[in-house]
Amino acid sequence: MKSLALSTFLFLFFSQGALAAYCETFSSINETHKLCWNDLHKAWLSEACFKKTCDSQQFLKKTHKAPPVQDLSGGRNPSAMVCHGLKLTLVILKDGKNNEQSFCQFSDNSLTDANAIERVVK
Amino acid sequence: MKLFIFLALLPTLVFANSCDYKNLITASDSPFDKIPVYDQDGANICYAFTAAQLLDYELIKDGLSSRSIHPAWVALKDAANINKSEISFGSSRRAIEALMNDSNCHYDLVAKQLGVWAYKANVKEAELLRFLENFTNQYKKTGSFQVAFQNGLKTTADWCPPHATFKNLIPELENLAVFATTPILTKLLMPKCEEFKTKLPLRKPHMVNNEGPNFSKNILKHLDQKNSPVEVSYCANFWQEPSYQGRLSSSTLDLKSDCFMHSSLVVGKRMMNNSCQVLIRNTWGNGWNKTNEKWNCVCKHKSTGKFEDNCSYSTHNNGQYSVEACWVGEDLLNNNSHSSVILK
């Protein structure tokens with residue numbers, strides 16, 4: 001029994017570590033955020049989410065009702081519009097090569113990418 | 001006799017080669033190394049994002065060291081040129097022509113100036129632009145600053161975070177004393193831009209309407225002959241619904257009423273399973289999302305910089321790759337496009 005508990009603990013410990021293996025700094029004019037890749041959710045999450053529970057991670061664990069269909073005219077980014085539809089703060093951040101990506105920010109300031117949010121709304 | 005056979009076969013040979021491999025992103029010393037993948041968020045100025053990239057590509061190819069054109073500047077010049085009060089829904093060709101007759105305000109300077117207002121309102125650039133469009137539309141209807149501001153807030157609230165503080169912009173808006181997006185942005189940007197703006201050597205744009213199968217052939221030809229991207233205006237619905245056909249018939253330019261018009265760059269071509277595909281560079285960020293997960297794409301490894309020419313959602317969605325552009329069938333381009341723009 002003890003060995004089962006220990007192996008479960010070790011599995012969870014190392015798998016969580018592996019999930020956060022790849023981290024990157026994203027920035028805008030006045031903000032810098034360190035985000036890490038979560039392979040379970042296939043999502044970027046604030047680094048803090050790998051140390052303690054955060055709203056972003058909690059959101060990705062369940063499927064949510066999609067917000068009303070947003071107007072995509074003029075080439076608006078569909079994932080970003082889901083984030084706007086959920087009344088979350090939309091943050092455009094740049095990676096080290098200046099490539100841009102939409103992130104949704106929750107009330108605890110944790111971030112996850114808008115693409116991941118879009119995948120859990122139906 | 002041999003010459004006669006060769007001449008008879010020449011058109012076939014040329015046609016057969018028209019979809020030979022070309023990839024402007026992975027080409028050595030590609031200007032795209034210096035032009036990031038954009039994310040236009042909720043701003044409906046796709047035409048400006050695409051025009052900015054098209055111009056930056058040519059300028060860098062001609063020797064400029066970095067990207068210099070901000071999409072919001074392109075949108076502003078387009079609207080100002082035709083005395084349009086809003087910046088939404090413009091034209092890439094018209095915007096480029098407007099920039100040819102005017103000067104450029106460098107990307108960093110525009111971003112900094114817009115950033116001042118966005119910071120005050122505690123929102124992002126796209127949300128600021130959306131609010132300005134809503135507020136000024138309301139002003140046009142009511143003629144009252146107070147009513148327009150309140151209604152502008154209400155109509156922006158459908159996709160703005162609760163902590164937005166647009167009220168902080170009231171003194172600025174009252175001080176400018178203009179109530180349409182184009183003059184507001186002009187007054188916001190010009191004091192600094194006037195000081196630093198530069199004239200750029202831009203090439204003339206040329207627009208071609210989609211009048212049948214030759215539409216894509218001309219795009220492929222331009223890629224081959226000029227090694228330059230092509231802007232296409234098209235119904236973006238097919239990204240999520242691959243069977244979607246936006247054009248009502250091949251003989252007219254009419255599009256379905258549910259078509260979401262968008263603008264992107266065609267940056268490559270290849271033969272795949274005996275059919276021609278074109279490479280499209282979008283402005284919806286560099287990650288995998290519901291619109292590109294169905295397609296094979298060109299990805300760049302973030303650490304090594306190595307390109308993967310045929311990456312897919314199932315194998316490359318691991319945070320280590322940047323999605324640079326995606327391959328779609330040439331037929332989709334013909335069935336969904338309205339027109340294209342090249343630089344002469």
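Letters A, B, ... mirror the listed sequences (proteins, then strands); counts begin at 1.
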With a 4.5 angstrom heavy-atom cut-off, could you sort out which part of B:K124 is near chain A: side chain, backbone, both or neither? side chain

Under 4.5 Å heavy-atom distance to chain B, tell me which part of A:Q105 shows up: side chain, backbone, both or neither. neither

Evaluate whether atom NZ of B:K192 has more than 12 neighbouring non-hydrogen atoms of other residues, nucleotides or ligands under 6.0 angstrom away. no

Taking the ring centre of each residue, are A:F26 and A:H33 less than 6.0 Å apart? no

Does any backbone or side-chain atom of A:S79 lie under 4.5 Å from a heavy atom of chain B? Answer side chain, backbone, both or neither. side chain

Under 4.5 Å heavy-atom distance to chain A, tell me which part of B:Y38 shows up: side chain, backbone, both or neither. both

Per-residue tally against chain A (heavy atom, under 4.5 Å) across B:E125, B:Q320, B:M261, B:E293 peaks at B:Q320

Rounded to the nearest 0.5 angstrom, the NE2-OH distance for B:H262 and B:Y47 is 14.0 Å

Highest number of heavy-atom pairs under 4.5 Å with chain B among A:S28, A:S73, A:P68 belongs to A:S73

Under 4.5 Å to a heavy atom of chain A? For B:Y234 that would be neither

Side chain, backbone, both or neither: which part of B:S263 has an atom under 4.5 Å from a heavy atom of chain A? neither

Heavy-atom pairs under 4.5 Å with chain A - which of B:A118, B:G287, B:C259 has more of them than the others? B:G287

Tell me, for B:Q240 versus chain A, whether the close heavy atoms (under 4.5 Å) come from the side chain, the backbone, both or neither. side chain

Using the salt bridge (Lys or Arg N to Asp or Glu O under 4.0 Å) rule, take B:E324 and B:R281 through it: C-alpha gap first, then chi angles, then the decisive distance, then the call. CA-CA 7 Å; B:E324 301 279 316; B:R281 185 167 170 98; 3.3 Å; yes

Could you tell me if B:K256 sits above the aromatic ring of B:Y244, with its cationic atom closer than 6.0 Å to the ring centre and no more than 45 degrees from the axis? yes

If you count heavy-atom pairs within less than 4.5 Å of chain A, which of B:C46, B:G319, B:P36, B:G285 leads? B:G319

Measure A:D113 against the heavy atoms of chain B and call it side chain, backbone, both or neither at under 4.5 Å. neither

Check SG atoms, A:C36 and A:C49, less than 2.5 Å apart: no

Any salt bridge between A:K34 and A:E24, counting N to O under 4.0 Å? no

Relative to chain A, which segment of B:S88 carries a heavy atom at a distance below 4.5 Å: side chain, backbone, both, or neither? neither

In Å, rounded to the nearest 0.5 Å, how long is the span from OG1 of B:T155 to CD of B:E133? 11.0 Å

Over 12 foreign heavy atoms within 6.0 Å of OH, B:Y313: yes

Heavy atoms from other residues, nucleotides or ligands near CG of B:D29 exceed 12 (cutoff 6.0 Å): no

Contact part of B:K34 toward chain A, heavy-atom cut-off under 4.5 Å: side chain, backbone, both or neither? neither

Contact origin within B:A236 toward chain A - heavy atom pairs under 4.5 Å: neither

Chain A shares the most heavy-atom pairs under 4.5 Å, among B:Y119, B:W288, B:F49, B:W239, with B:W288

